[in-house]
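The structure appears below as structure tokens.
Scope of the values below: all heavy atoms of this structure, side chains included, with no hydrogens, waters or symmetry mates.
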Amino acid sequence: MQTNFTPAQLADPHVAESEAILRKCVHCGFCTATCPTYVTLGNELDSPRGRIYLIKDMLENGRPADTEVVTHIDRCLSCLACVTTCPSGVDYMHLVDHARIHIEETYKRPLMDRLTRNLLAVVLPYPGRFRFALNLARLGRPFAGLMKRIPALNPFVAMLNLAPRVIPAPSPFAKPGRYQPQAERRARVAILTGCAQPVLDPGINEATIRLLTRLGVEVVVPEGEVCCGSLVHHMGREEQALASARANIDVWMREIGAGGLDAIIITASGCGTTIKDYGHILRLDPAYADKAARISALAKDITEYLAGLDLPSHMPRGITVAYHSACSMQHGQRITMAPKQLLKAAGFTVRDPAEGHLCCGSAGTYNIMQSEISGQLKARKVKNLEATKADIIATGNIGCITQIATGTDMPILHTIELLDWAHGGDMPAKLKGLKQVAG
């Protein structure tokens, strides 16, 4: 793609990076076939190629974002299927990140949109506030029908629909601490507690810690860890995202100094994609660039880490698993085979759903802010998962678990919960009523 940025514009390293990304696009259109919003809406401006044109025009002319640009950028899930598909290596992820920052700095959103986004930014990254909000949802749920009549309240209706009826009790595993290996010590790792996950499903990190310690891995839950920054990062609130990244880097660097770390284990693939990008987003910060790159190199999805260990294989269990590969796993981190190979070695039969490359519609807060499109994508995903005739669904991201669970009666678990069970842990509670495992 030909660009016409001025030397003065290119003096800004962010603009220079975007210009280099834009120049790689050759208009081939391969990305349109795998873009969930284009497949759903059929609008060229809701495809990566269309959004690239909008972003180019906005940045090249140095103009504020307008309603058209914001509409189509907001509809982007950041699923990154286009990045996997692109034969030219267009780094769409960092281009759309820059566009969102520009939107945040130059565009004044409608009042209700601003209020909703502010609410999400001050609640979701904080487990205590998030738990309080979920308890409040019980009071709001009876009014959901009335709220549906007011379009501006659609995000709040979506929140109520996503809020679980039962909120698990806080887990002691979410508190700072050290968990000693139960076998000969082979490694020392830190685990990201996360913000939404320990409230919605604390069993995920519990299973991770149990399995790792049985395998001889010391696990540290560090003091002072905060949200990875993903939520506000995808809202274009870059300074907030960078502040979270710096805070976590300081925490993990302290642990490296205290006893060394062989890896930073992440059980939510959305968080993993962001943490692995710390080195990039802080590359211009002289105080943090090197440390951020070191932390990004240590970040490992739990299945990525387990794939490097020598785990025993097990006889087939007679249980069939439909594996849903979260977008942040398959497109963001390019981890595609490890989770399925681990499940197969653990004795499960694994089936791939049709259209496995398409997003389920969760995408952080997308299922709140773009609930109509999200609902269509969820229905499509659930149909494909149920068509596998599997007994259960496994995935590696809490957002996907929450989203898909609202559309099907099939049990859906984190991959690590099945692996913990297979390698000596207790049966996950969600499976205790399943006929295939009753014996």
Side-chain angles (χ1 to χ4, degrees), residues 74 77 109-171 173-174 193-206 226-228 230-232 234-235 237 267-268 270-271 326 359-379 381-382 393 395 397-414 429-430:
D74 281 356
L77 294 122
R109 294 178 178 274
L111 177 61
M112 281 304 297
D113 195 7
R114 295 201 306 275
L115 289 175
T116 305
R117 287 170 173 268
N118 287 336
L119 178 65
L120 292 171
V122 299
V123 172
L124 288 185
Y126 305 93
R129 299 176 193 177
F130 184 43
R131 181 176 294 277
F132 179 72
L134 291 179
N135 280 303
L136 284 181
R138 297 172 182 170
L139 302 177
R141 196 170 283 119
F143 302 98
L146 293 173
M147 294 167 67
K148 284 182 181 178
R149 301 176 185 177
I150 306 172
L153 296 180
N154 281 347
F156 294 91
V157 175
M159 292 181 210
L160 292 174
N161 290 337
L162 288 165
R165 301 278 175 169
V166 178
I167 305 167
S171 171
F173 286 84
T193 302
C195 42
Q197 181 173 283
V199 177
L200 292 169
D201 198 342
I204 294 171
N205 277 355
E206 291 175 357
V226 298
C227 172
C228 70
S230 179
L231 174 76
V232 290
H234 291 301
M235 287 183 175
R237 302 184 180 203
T267 55
C271 301
C359 184
C360 70
S362 174
T365 59
Y366 192 92
N367 52 4
I368 294 172
M369 299 305 300
Q370 301 285 337
S371 58
E372 184 175 347
I373 301 172
S374 172
Q376 294 178 59
L377 291 171
K378 177 177 69 175
K381 179 63 66 176
V382 165
I393 304 166
T395 188
N397 190 53
I398 184 63
C400 301
I401 292 172
T402 304
Q403 171 84 342
I404 294 170
T406 62
T408 182
D409 292 327
M410 290 177 69
I412 179 166
L413 300 90
H414 194 288
K430 293 179 184 178

Working for side-chain contact (heavy atoms from CB on, under 4.5 Å), residues Met112 and Ile150: CA-CA 12 Å; Met112 281 304 297; Ile150 306 172; over 6 Å; no
Criterion side-chain contact (heavy atoms from CB on, under 4.5 Å) on Thr406 and Asn161, from CA distance to verdict: CA-CA 8 Å; Thr406 62; Asn161 290 337; over 6 Å; no
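Of all heavy-atom pairs between Glu206 and Ser171, the closest is OE2-OG, 2.6 Å. Arg141 and Ala163 make their closest contact through NH2-O, 3.2 Å (heavy atoms, listed as atom of the first residue, atom of the second, distance). Ala326 approaches Asn397 most closely through the heavy-atom pair CB-CB, 3.8 Å. Listed here is the closest heavy atom pair of Val123 and Ala133: CG1-CB, 3.9 Å. When all heavy atoms of Gly361 and Leu77 are compared, the pair lying nearest together is CA-CD2, 4.0 Å. In this structure, Leu153 and Met147 approach most closely via the heavy-atom pair CB-O, 3.8 Å.
A heavy-atom distance below 4.5 Å is found between the side chains of Pro164 and Leu134. Contact check for Leu139 versus Leu136: side-chain heavy atoms found under the 4.5 Å cut-off. Within the 4.5 Å cutoff, the side chain of Thr267 has heavy atoms near those of the His414 side chain. Annotation: side chain of Lys381 is not in contact with side chain of Cys400 (no heavy-atom distance under 4.5 Å).
A distance-only check finds no donor-acceptor pair linking the side chain of Arg117 to the backbone of Val232 [under 3.5 Å].
Of the inter-residue distances, the one linking Thr193 atom OG1 with Asn205 atom CG reads 6.0 Å to the nearest 0.5 angstrom. Rounding to the nearest 0.5 angstrom, the gap separating the CD1 atom in Ile412 from the SG atom in Cys360 is 8.0 Å. Distance OG1/Thr408 to CD1/Ile404: 9.0 Å, rounded to 0.5 Å. Expressed to the nearest 0.5 Å, how far CG of Leu124 lies from CD1 of Ile368 amounts to 6.0 Å. Of the inter-residue distances, the one linking Asn154 atom CG with Met159 atom CE reads 11.0 Å to the nearest 0.5 angstrom. Here Leu231 contributes atom CG and Thr365 contributes atom OG1; the two are 5.5 Å apart, rounded to the nearest 0.5 Å.
Annotation: side chain to side chain donor-acceptor pair (under 3.5 Å) contacts of Asn118 (sequence neighbours excluded): Arg237. For Arg109, the side chain to side chain donor-acceptor pair (under 3.5 Å) partners two or more places apart in sequence, or in a different chain, are Asp74, Asp113.
With Cys195 as the partner, the side chain to side chain contact (heavy atoms under 4.5 Å, CB included) test is satisfied by one option alone out of Ser230, Pro127, Cys228, Cys271: Pro127. Across Leu200, Ile204, Leu413, a single residue satisfies side chain to side chain contact (heavy atoms under 4.5 Å, CB included) together with Ile401, and that is Ile204.
For residues 366-375, the set of pairs meeting the side-chain hydrogen bond (donor to acceptor under 3.5 Å, both in side chains) definition, not counting sequence neighbours, comprises Asn367-Gln403, Ser374-Gln403.
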